[in-house]
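Following: one structure in structure tokens, then a few remarks.
Atoms considered below: every heavy atom in the structure, side chains included; atoms not considered: hydrogens, waters and symmetry mates.
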Amino acid sequence: MTSDQAPAAPSKAPAGTPATRARYRRILRFAGWNLAVTWWYELFLPRIGLAGVAARSRSRRMRRFAQRFHGLAVELGGLMIKVGQFMSSRLDVLPPEITSELEGLQDEVPAVPFPAIRALAEAELGVPLASAFAFIDETPVAAASLGQAHRGRLTAEVAAETGQDAVVLKVQRPGIDTIVDVDLAALRRVGRWLSHVRLVSDRVDAPGLVEEFARTSLQEIDYLHEAGNSERFAEEFAGDDRVAVPAVVWERTTRRVLTLQDVTAIKITDAEALRAAGIDAADVAPVFAEVMFDQLFTNGFFHADPHPGNIFVTPRPAVAGERPWLLTFVDFGMMGEVPAGTRSGLRKLLIAAASRDGKGLVDAIRDVGVLLPTADTAELERAMTHLFARFGGMGFAELREVDPREFREFAVEFGDVVRSLPFQLPENFLLIIRAMSLTSGVCSALDPAFNLWDSVEPYAAQLLRDERGNLVQDLGQQALEIAGIAWRLPKRLDALVTRVEDGTVAVTSPRLEQRVGRLERAARRLVAAVVFGGAIIAGAIVHASDAVLGSVLMIASVVPLAFTVFTGRRGS
């Protein structure tokens with residue numbers, strides 16, 4: 001997650017108009033009723049011996065809840081749609097009946113009439129729109145729950161200053177600040193309710209989850225924050241011929257108004273438009289996956305909302321040796337940041353998954369904090385090994401051909417193991433899971449036969465080579481440091497002997513010279529041993545990817561080994 005911390009707002013009922021109070025109560029009534037139903041079926045009935053009744057109706061109840069929430073979100077708009085999208089990514093907390101129903105929830109809200117958009121934009125910019133822009137299309141190109149976008153053109157003066165002409169003007173929905181405050185107040189109260197339900201609190205910190213969502217939402221309605229994210233993302237991919245980012249027109253940007261270069265091109269999942277442009281969708285999928293991997297596992301700063309509406313495929317003039325298109329990312333309101341420690345754990349996880357290493361995968365999951373340190377993972381390791389042995393390497397098309405009974409058998413055998421383990425999701429994993437889920441979905445839409453493993457395996461192999469290179473570099477650095485100390489030691493001893501001889505140091509032991517000689521020989525043997533160890537380890541590591549260089553290093557290690565043995569015997 002990004003490091004900005006939004007202050008926690010009070011969770012008491014907000015003051016305001018009757019409409020805002022009615023909205024607040026509507027959200028709480030919906031939550032209260034569904035919590036009561038859950039309590040009745042999941043807590044009360046099992047206590048009186050009717051657990052079977054609850055189990056038989058659970059799937060249907062979850063699906064009905066998700067359908068009702070979907071309707072509520074579309075009706076209220078505001079943060080409720082974001083809540084649905086947020087819940088759809090919480091595969092660690094919510095059952096699939098809920099996540100699958102909310103997975104396709106979009107900003108299904110009507111556009112704000114243009115006069116209201118004009119009034120807000122002019123109040124923010126401090127000038128009439130006719131003075132700020134040469135042209136603004138009153139029909140929005142996109143309308144969402146938090147804002148909407150209009151195409152326009154800059155005035156000649158601003159265009160000359162910025163080097164931009166065609167732009168997209170993004171304006172917040174009027175009154176969205178108040179709606180966000182009301183929705184967050186209601187959600188914080190629901191979070192407190194959930195913290196008292198052991199069924200929930202054993203698996204997730206509900207108030208913490210709400211605060212995580214609040215931070216993301218408050219950042220998303222701050223367009224200055226989004227503009228800064230856009231420029232940082234552009235810097236991360238500067239010089240990369242796979243990625244383009246729209247330029248920010250700061251002269252026409254405020255907290256509630258954002259003006260960007262118009263980079264509208266082919267929507268990444270528009271197969272017909274891609275074909276018309278001579279672009280094979282199957283070629284786009286692996287490049288998109290690789291770009292997202294780079295963000296998550298290398299850069300550590302990633303686009304957390306890479307749905308098809310936020311990614312364009314932009315054709316460009318054909319140049320020999322270059323790809324005739326690039327990926328253009330837009331909408332940087334929801335970004336994630338992976339700390340270095342977590343990024344290292346994710347790299348290990350990816351390498352373990354690519355190599356079908358069940359034990360390594362579980363170790364990596366523990367390293368990134370998804371499993372508590374006290375968890376007994378022996379059965380989970382067996383489950384992962386079994387999973388890789390049967391389904392590892394399959395793409396979505398292949399998985400669809402697998403007999404559903406095999407999945408059910410796996411769930412029966414290992415479901416209790418997985419559910420009983422103390423899983424927890426670190427705070428910064430929410431957006432990681434969302435980004436990877438959307439990436440997988442986009443790639444499958446581009447190419448139904450796309451196998452994510454085809455992209456994961458070479459990428460993981462490169463990460464492994466990088467890790468080996470870092471290990472060799474670290475070993476070499478340590479060897480040089482030790483060698484430097486060892487080679488300097490005889491000189492220091494010589495200086496000490498000189499001082500003894502000229503009487504600067506009083507010596508009471510007649511065996512000092514003998515000890516100095518032994519120290520000199522020991523120091524030189526130490527250097528030879530370090531060089532031998534570094535050469536043999538580096539050779540073994542490098543041999544996997546470069547057999548010739550690895551063999552040379554291992555053969556060369558014989559020289560310092562012989563020196564160590566020879567001087568050791570001679571000086572004993």
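To the nearest 0.5 angstrom, M292 atom CE is 5.5 Å from L296 atom CG. Atoms CE and CZ, on M436 and F302 in that order, are 10.0 Å from each other to the nearest 0.5 Å. One finds the CG atom of L274 at 9.0 Å from the CH2 atom of W325 (value rounded to the nearest 0.5 Å). Here the OG atom belonging to S145 is positioned 7.5 Å from the CD atom belonging to E220, to the nearest 0.5 angstrom. Distance check, rounded to the nearest 0.5 Å: CD1 of I266 to CD1 of I268 gives 11.0 Å. Rounding to the nearest 0.5 Å gives a distance of 7.5 Å between OG of S444 and CZ of F450.
D183 places a side-chain N or O within donor-acceptor distance of the main-chain N or O of L79, the cut-off being under 3.5 Å. Put simply, the side chain of Q148 never gets that close to the backbone of A143: no donor and acceptor are under 3.5 Å apart.
Summarising the geometry of T269 relative to P308, their closest heavy-atom pair is OG1-CB, 3.4 Å, with the distance given to 0.1 Å. A pairwise comparison of heavy atoms in F288 and C443 identifies CD2-SG, 3.8 Å as the closest pair. Closest non-hydrogen pair, R252 versus T259, comes out as O-OG1, 2.7 Å. Contact detail for R255 and D177: the closest heavy-atom pair is NH2-OD2, 2.9 Å. Closest approach of A265 and T314 over heavy atoms only: CB-OG1, 3.5 Å. Among all heavy-atom pairs drawn from I176 and G78, the shortest one is CD1-CA, 4.4 Å.
Comment: R242 engages D294 in a salt bridge, judged by a side-chain N to carboxylate O separation of less than 4.0 angstrom. No salt bridge links K82 with D305; every basic N to acidic carboxylate O contact stays at or beyond 4.0 Å. Between D222 and R256 there is no salt bridge, since no side-chain N of the basic residue sits under 4.0 Å from a carboxylate O of the acidic one.
Contact check for D363 versus K348: no side-chain heavy atoms found under the 4.5 Å cut-off. Two residues are said to be in side-chain contact when any heavy atoms from C-beta on lie closer than 4.5 Å; R316 and D241 meet this criterion. Considering only heavy atoms from C-beta on, F233 comes within 4.5 Å of M335 through its side chain. Looking at heavy atoms from C-beta onward, W250 lies in side-chain contact with E231 at the 4.5 angstrom threshold. You'll find the side chain of L446 reaches within 4.5 Å of the side chain of V442, heavy atoms only. Within the 4.5 Å cutoff, no side-chain heavy atoms of T328 are placed close to those of V245. Two residues are said to be in side-chain contact when any heavy atoms from C-beta on lie closer than 4.5 Å; V243 and L326 fail this criterion. For the pair Q172/T254, no side-chain contact is recorded, criterion being any heavy-atom separation below 4.5 Å from C-beta on.
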Let's go through H150 and V141 carefully: what are the C-alpha distance in whole Å and the side-chain angles of both, what is the deciding distance for side-chain contact (heavy atoms from CB on, under 4.5 Å) to 0.1 Å, and is it a yes or a no? CA-CA 5 Å; H150 296 258; V141 65; over 6 Å; no
Using salt bridge (Lys or Arg N to Asp or Glu O under 4.0 Å), reason through D270 and R275 one step at a time and then give a plain yes or no. CA-CA 9 Å; D270 189 342; R275 279 195 300 272; over 6 Å; no
Show your reasoning for whether side-chain contact (heavy atoms from CB on, under 4.5 Å) applies to I98 and F69. CA-CA 10 Å; I98 293 178; F69 182 86; over 6 Å; no
For V330 and V263: C-alpha separation, side-chain torsions, deciding distance, then whether side-chain contact (heavy atoms from CB on, under 4.5 Å) applies. CA-CA 8 Å; V330 299; V263 292; 3.6 Å; yes
List the steps and the verdict of side-chain contact (heavy atoms from CB on, under 4.5 Å) for V167 and Q261. CA-CA 4 Å; V167 294; Q261 172 191 9; 5.7 Å; no
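Take H303 and apply the ring-ring contact (aromatic ring centres under 6.0 Å, His included) test, not counting sequence neighbours, and it matches F329, F332. Remark: R151 engages D262 in a salt bridge (Lys or Arg N to Asp or Glu O under 4.0 Å) (not counting sequence neighbours).
For the side-chain contact (heavy atoms from CB on, under 4.5 Å) test with E226, the passing option among I221, T253, L258 is L258; the others fail.
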